[in-house]
Each structure stands twice: as C-alpha cells, then as structure tokens.
Amino acid sequence: MSEGPILPGIRGPEDVRDLSPPQVEALAGEIRERLIEVTAVNGGHIGPNLGVVELTLALHRIFETPRDQFVFDVSHQGYVHKLLTGRNDQAFDRIRKSGGYSGFLARSESEHDAYGAGHAGTALSAALGMAAARDQQGGDNHVVAVVGDAGFTCGITLEALNNISEATGRLVVILNDNEWSIDRNVGALSRYFNELITTPFYNRINDDLESFLQKVPGGDALIRLGSKWKRETKDFLTSSSIFENFGIRYIGPIDGHNLAELEQYLTFARNAPEPLVLHVITQKGKGSEAALAQPEKFHGISPFDPKTGAPLPGKPGTPPKYQDVFGDAVVEACRRREDIVGITAAMPSGTGLNKLRDQMPDRYYDVGIAEEHAVLFAAGMATRGMHPVCAIYSTFLQRAYDPLVHDICLQNLPVLFGMDRAGLSPNDGPTHHGLFDIAYLRCIPNTVVMQPADEDELADMVHTGLQIDGPAFIRYPRGAAAGVPVKEEPALLPVGRAEVRREGREVQIWALGPLVAEAETLASRLAEVTGASVGVVNARFAKPLDRELLAAQATEARLFVTLEDHVRTGGFGSALLETLADAGASRPVERIGWPDRYIDHGDSDKALRAAEGLDPESLFLSLRARLEALLGVHLEVADPAGDDCPVHR
C-alpha cells in the first residue's frame, strides 16, 4: 500500500493481511482516531471498541472472514470489525443514527457479520452451534467466539462451556478480559480470572517447553501427546483451570495490545486440533485518557468533546432522567423501611440504583450479567420477609421470563420490578427497544403493570408498588422526564384506577406514560376541528385496567383510541379491546402503537415515530379522517397516509 493514511485504503480484510507489522501498528492508531471522531458526534460504545483494536486486527490477519466466522458477544465492540470489512464510509459516520450502520453486528448488514446480537452471553452457544454445523457438513473453516469476562457470568455461557467438548473438536474462544462489563465486574468468576492473570508462570513454562520440543526430532509428537504433563505441571503450580476441567485447553494470559504476540497465539489456535480458550488482557478505553479514567461512563456514552472527553452541554433546564428519579425514590423507600433492598444485573447507572449503591451499599446487590439469577435471588429474599426492588431494562427482563412466571408470580411474591428503557431506545435499535413487555407480562396471573405519565407519578408508583403484597412492574422510558416536580412525600395510588385528564363523551383517548401529554394535545385539536367531545384518560395501569371507568364511558363513547409506546399485538390497546368485549360493550377501538415487526435504530423517538406514521401530525390527520366518517361530516381533509396508514383499523 502507498504511503499516507492507511485506513482509507482498507476495503476488506484482505487489505489488512497485506500490511507490514509497522503499518498495522499505524493502522491501529488511525482506527482509534476514527472511533473517537465518530462517537464524539453520535455517542456509542467507545470504551469497548478502543479496547479491542489490536485484537480485531490480529483476528482479521490470521483468519479469513466470511469463510471463517467471528461471533462477538453483545457485539457492541464490533465497530473495529466494521471498519475492516468495507464499512468505513458515510454510513459509519452516522453509526447508530438514521441511515447509518447499527451499533451492533447484524447479519443483514454484511456477509462478514456471522451472527447478530445486542445482549450478553449469546456468543459461546451460537459459535458452538456454528462449529457443530460445520462438523456435520464436513467443513474445515474456523469459528471464533469473542466473549468478555463479564459474559462468563451469564448462565447461558456456562451452559455452552459445559457442552463444548461433547459437541465439537475445534473451537476458538477468546476471553477478552478487561475487568469491566458496563460497571466493574463482580463475583467469584471475576476474582478467578484475576488469579489466572496473576499466575502467568505456568503458561510461560509450557510455552518455553513447547518451543524447545518443536526444535528436536519427534518433538511434534511429544507436543500432541503432552496433555498429561501439561495437566500435571499446572496442578503442581496452581489449581487446574476451570476451562481444562471442562475439557477445553486454556492458554494465557496474553497481552491484548501486543500485535505480534496476538498473531502468534491466534496462529497456534487456528491450527489447534482441540477447543481452546485464549485469555487476552485488554484495557477498556485504550487510546483515550478520559475513557481509561472513566470506564463506566465511556462504556456507552452520549456525544462528547473528543479532546477532553467532557459531555457536550445539554439544553438549560433539562429535567432529570427517569432512571435517576427511580433511583432517588428507591433510596428514600429504603430510608423509610428496613425490608427493602435493591438488586441489579450489572446495570447500576443505567437503572439509577447506583444512587443506592453509593448511599446505602449494605442494601444494594449487583449480581452481574445474570438476569435469571437476579429474579430468582429476589424471589428467595421475598420468601424471607424482604421486599426487593429488582431494576432491569425491559428488553433484558425478557431473559428471565421463566423465573418471572414460575418463581415470582406463581408464588405471588412481593417483588417490585423497575423496567427502564420501556418503549424505544432509538440509537440502540431492535435489540434494546422495550416494546414487548406489556404483552409478555399481562398474560401472567398476579401481576400489576403500571406506567407513569411523568416523574412525580413515577415516584408515586415506586411507593405504591412497595405496598403491594405481590409482583408489581413499573415500565418507564429512557431519557429526560416531563419536567413535573416530584412531591416531598409520594402518594399512594389506588391499584387499577385510571385518572381522567379531560372530560369527554363521544371520543375517549386512553394513553399510557409520556403519551398522555400527546393525547391531551391531540384531543384539543380534534375537538376544535370536528366539534366532537373528546376525553383523555391517563390509564396508569396496563393491568389491571380500570374496568369501571371503561364501562361507564362505553355507554356514551362512539370511539375509543389507545396510545402506547409498545407493539399493538397483545399490548395495552388489546387489553382495552378484551375488557370491552368481556363487558359486552361493542365499541370501535383505534389502537395506536408499533406494528408487528422489529423497529430499526434511528436518530430519536421523533424520527422513528415519523418513519412509521406515528408522529403527532400523522395521527391527528388520520384520526380526523376517522372522526369525519364517524360523525357523518365532510371536513375537506385529505389523509396523506391513504390506504397505507399504519394506524390499525
């Protein structure tokens, strides 16, 4: 390649393999500059990607995608992989934005993305499945799983680990050890990996002995037959590796920023006739002083100053985030009652429970990336008189569905769940949108499911949920709240009772959460233009619904409209339809929510809603046309959505 910048000339992995070692080192620096440049504007997972620059380069120099498959756990560290596989273009400039690449890997985006992901703990099982399929088909390609040390706290990863030696004879597992997931890693496995790092003597002895044997006649045969002396050597020097107890060879620790060393060990792994783990030590955020100093903050960050790492100033007077209001409410509840504790699955800051950790650490538990365990742990505590608050993102709580059904709800245990990121998580996309929780929760007996219209109501719901002697769930969105001051003392809300925000007779708009404010604006416009009497209800509870209010309104209402930041299928609107049917009240219902497909990533809630025809103006025009037909008047209004209107009829 010619002199000058190297990254612009990388059109695919074959170009990376053609570079000299000094050029690869220079390319690593260019990649870090590109990552910082783009994420400073868009936000994103900058820390994890800065940490795997050399590792990703070495992988692409030793293996050949797409023939060989890489499976990245979570895949939030896949930006470097994207840059090396033909995606260093304008779409990368807009990564995580409308028209840009996903912040995760996606099979639909590139043939080099062997597996799509967004949640932790999936890589080892998926990679093992690929390796087993290769064996069944008689292939000779390689499968490499790149799993962070925090990913090994996931039950799925341990289940896969148990199955590797039985399912395949060849698999390369990279243990990317940086001591962090989003927050600092916790638990016995984290301590165990640290012990492996601090006991490198065994690996050096084995490396030196192998190097010697390769130089003597018959040495290769001795190496192939040498598993017994390897085990005995390790047993003599330190406790046997957990991986070797699972029948998987362990090699490490390896400097994850030393390209020559990485290529040497990856070459060995490529030629190995057995499954093995390469324990690679990396620094999360390497190349950015700010990211190294604040790994939790720079795991996934909003736009920032690329020189200082300081966050860009927000708009003056921005309300607090819902997650922080939730965290404050839990701290206050713990001060009032001794039976309350907080539990999170490696998401203290994202859920607001970092406030409890910092102020009352003896009442706080972080169980690592282990949502199933978090829910079962909460169940166990609840059986002994405690009232746990379990804070897990809506999309991550899906991973603990069986414990919710079988352990929490069947036993009717008093656990309060805070479900952050309910609704859209725009930049993250379909793996992180919390659009299914009402449907998957309301079918379970004993559940109470609520959503606040503003931050003051969120504090009331935390207080109310902790008075319920059974499972309660509060769903709330990502980002800034509505700007409503939180009362000094929270109110106790009557369970299953909605709030009438605007009186009406002919049309009743029932809305959940932040869409209540939108419903009030919509009602005012519709009433002004059509002359109809339009009411607005803050439903508060998706389960149980306020059946009495609904039945009373059904005596006069000619149309019900539901608004929810959730899929229409099985959601809040479906619940209202079912309730009317059960009451024998046949009334038309306009269900407004997300369609029956996965929603992509985008710039913002506003942009994604507009793309689906769910923005306020489109809804106004659509409902105006519906009211025109319903009331038998002609208002000279054209519906721009036409026959393709996304609102369910």
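- Side chain of Ser98 to backbone of Ala607: no donor-acceptor contact under 3.5 angstrom is found.
- Taking a 6.0 Å sphere around NZ of Lys97, one finds it holds more than 12 heavy atoms contributed by other residues, nucleotides or ligands.
- For the residue pair Ser102/Arg96, the side-chain donor-acceptor check at 3.5 Å is not satisfied.
- For Asp339, the side chain to side chain donor-acceptor pair (under 3.5 Å) partners at least two apart in sequence or on another chain are Arg337.
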Ignoring hydrogens and angles, write down the donor-acceptor pairs under 3.5 Å from the side chains of residues 372-392, residues two or more places apart or on other chains.
unit_1	atom_1	unit_2	atom_2	d
Thr383	OG1	Gly380	O	2.6

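- For Asp456, the side chain to side chain donor-acceptor pair (under 3.5 Å) criterion is met by Lys487, not counting sequence neighbours.
- Just one of Asn427, Asp428, Asp420 meets the side-chain hydrogen bond (donor to acceptor under 3.5 Å, both in side chains) condition when paired with Arg478; it is Asp428.
- Other residues, nucleotides and ligands contribute more than 12 heavy atoms inside 6.0 Å of the CG atom of Asp362.
- Checked against ring-ring contact (aromatic ring centres under 6.0 Å, His included), Tyr393 has the following partners two or more places apart in sequence or in another chain: Phe396.
- Between the side chain of Ser618 and the main chain of Asp615, no donor-acceptor pair closer than 3.5 Å is present.
- A donor-acceptor distance shorter than 3.5 angstrom exists from the side chain of Asn42 to the backbone of Ile95, with no hydrogens or angles considered.
- A salt bridge links Glu612 and Arg597; the closest N-O separation between the charged side-chain nitrogens and carboxylate oxygens is under 4.0 Å.
- Taking every heavy atom of both residues into account, Ala439 and Thr569 meet most closely at CB-O, 3.9 Å.
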> Passes side chain to side chain contact (heavy atoms under 4.5 Å, CB included), Asp324 versus Glu455? Steps please.
Replying inline: CA-CA 10 Å; Asp324 293 327; Glu455 58 267 51; over 6 Å; no
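- Contacts of Asp600 classified as side chain to side chain donor-acceptor pair (under 3.5 Å), with partners at least two apart in sequence or in another chain: none.
- Partners of Lys355 by salt bridge (Lys or Arg N to Asp or Glu O under 4.0 Å), not counting sequence neighbours, listed by chain and number: Asp328.
- Checking Thr579 against Asp582 by side-chain atom types alone, no donor-acceptor pair falls below 3.5 Å.
- Pairs engaging residues 451-473 under the ring-ring contact (aromatic ring centres under 6.0 Å, His included) rule: Phe417-Phe473 [sequence neighbours left out].
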Could you list the donor-acceptor pairs under 3.5 angstrom formed by side chains in residues 403-411, with sequence neighbours left out?
unit_1	atom_1	unit_2	atom_2	d
Gln411	NE2	Asp407	O	2.9

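- Here the shortest heavy-atom pairing between Tyr322 and Ala480 reads CE1-O, 3.7 Å.
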Which atom pairs, donor and acceptor, lie under 3.5 Å between side-chain atoms of residues 489-506 and protein residues at least two apart or in another chain?
unit_1	atom_1	unit_2	atom_2	d
Arg497	NH2	Glu548	OE2	3.4
Glu499	OE1	Arg501	NE	2.8
Glu499	OE1	Asn538	ND2	3.0
Arg502	NE	Val534	O	2.7
Arg502	NH1	Ser524	OG	3.2
Glu506	OE1	Ser533	N	2.9

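- Residues Gly535 and Gln508 come closest through the heavy atom pair CA-OE1, 3.5 Å.
- Between His432 and His119, the ring planes lie perpendicular to each other; the angle is over 60°, past the 30° to 60° tilted range.
- Partners of Phe72 under the ring-ring contact (aromatic ring centres under 6.0 Å, His included) rule, at least two apart in sequence or in another chain, are His81.
- Partners of Phe620 under the ring-ring contact (aromatic ring centres under 6.0 Å, His included) rule, at least two apart in sequence or in another chain, do not exist in this structure.
- Listed by chain and number, the residues in a salt bridge (Lys or Arg N to Asp or Glu O under 4.0 Å) with Asp437 are Arg475 (sequence neighbours excluded).
- Using a 4.0 Å cut-off between charged nitrogen and carboxylate oxygen, Arg442 and Glu578 count as a salt-bridge pair.
- Arg587 and Leu580 get closest at one heavy-atom pair: CB-CD1, 4.4 Å.
- Here the closest non-hydrogen pair linking Thr447 and Leu441 is OG1-O, 3.3 Å.
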>> Is there a side-chain hydrogen bond (donor to acceptor under 3.5 Å, both in side chains) between Gln553 and Trp510? Walk through the geometry before answering.
In response: CA-CA 11 Å; Gln553 291 181 342; Trp510 283 58; 2.8 Å; yes
> Going through the checks in order, is the side chain to side chain contact (heavy atoms under 4.5 Å, CB included) test met by Thr395 and Thr431?
Replying inline: CA-CA 7 Å; Thr395 184; Thr431 59; 5.8 Å; no
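- No donor-acceptor pair closer than 3.5 Å links the side chain of Asp73 to the backbone N or O of Gly151.
- A salt bridge links Glu332 with Arg335: the distance from a Lys NZ or Arg NE/NH1/NH2 to an Asp or Glu carboxylate oxygen falls below 4.0 Å.
- The minimum heavy-atom distance linking Ile340 with Ala333 is given by the pair CD1-O, 3.6 Å.
- Between Phe104 and His45, a ring centre-to-centre spacing shorter than 6.0 Å is recorded.
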